[in-house]
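In listed order, ligands and their atoms are each counted from 1.
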Amino acid sequence: MSQVASLTLRQPTKDDGAQVYDLIRRAGTLDLNSAYCYILLCDMFSGTCVIAEEEERVVGFLSAFYRPDDPETLFVWQAAVDPAMRGRGLATSMLKELLGREHPQSLRYVEATVSPSNTASRRLFQSFADACGVPISERTADGYSPSMFPAGHAHEAEPSLRIGPLV
Ligand SMILES: CC(C)(COP(=O)(O)OP(=O)(O)OC[C@H]1O[C@@H](n2cnc3c(N)ncnc32)[C@H](O)[C@@H]1OP(=O)(O)O)[C@@H](O)C(=O)NCCC(=O)NCCS
């Protein structure tokens, strides 16, 4: 657990799932998954997820998991910060908190898919790579294309960003 000004950063528990669902809903640009999905993430993937809390209110969430085919790669799925709390380094702090934890194996890469129009998210990962002094590469073929999404669910491309190797 760590503190960012008045905020607490910690691993989630299954009791956080409902508040995480609300946060993702008000974050605006993210795909909103089911409440069950967030409860499950907070329960079974708590070691690779981060909650930012202010006076028991969830104001930030980062979800991630080790790639099943490459456990030295941490895949960051969704990052969300309450609109009122943005631009203060909270997402960066959550990412650092997560990377600073003990992991079952050494981490060599951080990956995420980020739409071309999501400037804030791109900046977050670029800035993280710069701070670590490691390269970031974009690979469209490893991401997800608009044609993969179901009819009626128009979705921007989600090219893959890969940061590392971390030292
Ligand atoms: C993306 C998001 C999580 C960033 O959270 P945040 O706490 O505001 O990010 P930080 O304050 O840690 O900023 C990280 C970097 O991005 C930059 N940044 C943040 N918001 C930005 C914006 N709107 N435009 C351009 N750059 C931005 C910051 O300046 C910082 O870069 P720097 O270190 O070079 O100064 C937040 O904007 C959000 O919740 N967006 C909606 C959900 C989403 O799109 N999530 C990402 C997809 S998974």
Side-chain angles (χ1 to χ4, degrees), residues 1-12 16-35 37-38 40-42 45-46 48-55 57-67 73-101 107 109-140 142-146 148-149 153-164 166:
M1 200 154 76
S2 63
Q3 300 277 139
V4 180
S6 62
L7 301 180
T8 299
L9 302 187
R10 60 167 174 82
Q11 292 189 18
D16 293 312
Q19 277 212 61
V20 167
Y21 177 85
D22 280 343
L23 172 68
I24 302 292
R25 190 166 41 79
R26 65 179 187 273
T29 50
L30 292 173
D31 287 343
L32 180 64
N33 298 283
S34 69
C37 171
Y38 293 111
L40 185 141
L41 266 178
C42 289
F45 293 82
S46 61
T48 49
C49 293
V50 185
I51 290 275
E53 187 175 53
E54 185 181 52
E55 293 171 356
R57 183 166 176 261
V58 172
V59 293
F61 182 65
L62 188 75
S63 60
F65 54 84
Y66 306 116
R67 276 190 74 129
T73 296
L74 187 70
F75 182 83
V76 176
W77 182 19
Q78 288 189 314
V81 167
D82 187 292
M85 311 285 290
R86 289 183 190 162
R88 301 187 204 173
L90 183 49
T92 303
S93 298
M94 291 194 291
L95 202 47
K96 285 184 180 163
E97 204 273 340
L98 177 54
L99 270 291
R101 287 182 191 166
L107 292 180
Y109 293 97
V110 173
E111 281 184 4
T113 68
V114 182
S115 304
S117 69
N118 196 333
T119 310
S121 187
R122 284 180 168 259
R123 216 32 249 156
L124 167 68
F125 289 110
Q126 180 66 61
S127 176
F128 176 76
D130 292 347
C132 295
V134 299
I136 181 167
S137 59
E138 178 162 345
R139 303 200 262 190
T140 304
D142 291 342
Y144 307 117
S145 67
M148 291 174 181
F149 292 86
H153 291 256
H155 203 294
E156 239 187 302
E158 291 272 356
S160 170
L161 298 183
R162 184 169 164 92
I163 298 169
L166 302 169

Nearest option to [atom], as decided by whichever heavy atom of [options] sits closest:
atom: atom 36 (C) of ligand 1; options: Arg26, Arg122, Met94, Arg86; value: Arg86
atom: atom 20 (N) of ligand 1; options: Ala80, Ala120, Ala27; value: Ala120
atom: atom 48 (S) of ligand 1; options: Ala79, Ser117, Ser115; value: Ala79
atom: atom 17 (C) of ligand 1; options: Arg123, Gln126, Glu158; value: Arg123
atom: atom 13 (O) of ligand 1; options: Thr92, Ile24, Leu23, Leu62; value: Thr92

Nearest to [atom], what protein heavy atom do you find, and at what distance?
atom: atom 5 (O) of ligand 1; value: Ala91 CB, 3.2 Å
atom: atom 39 (O) of ligand 1; value: Val81 N, 2.8 Å
atom: atom 25 (C) of ligand 1; value: Thr119 CG2, 3.9 Å

Please say whether [X] places an N or O atom under 3.5 Å from an N or O atom belonging to ligand 1.
X: Ser121; value: no
X: Met85; value: no
X: Gln78; value: no
X: Leu30; value: no
X: Thr29; value: yes

Roughly how far, to the nearest 0.5 Å, is OH of Tyr109 from CG of Leu166? 8.5 Å
Side-chain contact test, heavy atoms from C-beta onward, threshold under 4.5 Å: evaluate it for [X] versus [Y] and give yes or no.
X: Pro146; Y: His155; answer: no
X: Thr113; Y: Phe75; answer: yes
X: Cys132; Y: Ile163; answer: no
X: Leu124; Y: Thr92; answer: yes
X: Trp77; Y: Asn33; answer: yes
X: Phe128; Y: Ile136; answer: no
X: Arg101; Y: Gln11; answer: yes

Can you confirm whether some protein heavy atom lies under 4.0 Å from atom 9 (O) of ligand 1, or whether none does? yes
For atom 32 (P) of ligand 1, is there a protein heavy atom at a distance under 4.0 Å? yes
Just which atoms of ligand 1 are under 4.0 Å from any heavy atom in [X]?
X: Trp77; answer: 48 (S)
X: Gly87; answer: 6 (P), 8 (O), 11 (O)
X: Arg88; answer: 11 (O)

Testing the basics here: between Pro116 and Arg122, what is the closest heavy-atom pair and its distance to 0.1 Å? CA-NE, 3.6 Å
Search all heavy atoms of Phe61 against all heavy atoms of Cys42 and return the closest pair with its distance.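 Shortest heavy-atom separation between Phe61 and Cys42 comes out as CE1-SG, 4.1 Å.
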Contact between Gly89 and ligand 1, counting heavy atoms under 4.0 Å?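 It does, in that a heavy atom of Gly89 comes within the 4.0 Å cut-off of ligand 1.
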Contact partition for Asn118 relative to ligand 1, non-hydrogen atoms under 4.0 Å: side chain
Would Arg162 and Asp142 pass as an ion pair if we require N to O under 4.0 Å?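 The answer is no: the pair does not qualify as a salt bridge.
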Does atom OH (Tyr144) have a neighbourhood of more than 12 heavy atoms from anything else shown, all under 6.0 Å?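 Not more than 12 within 6.0 Å, no.
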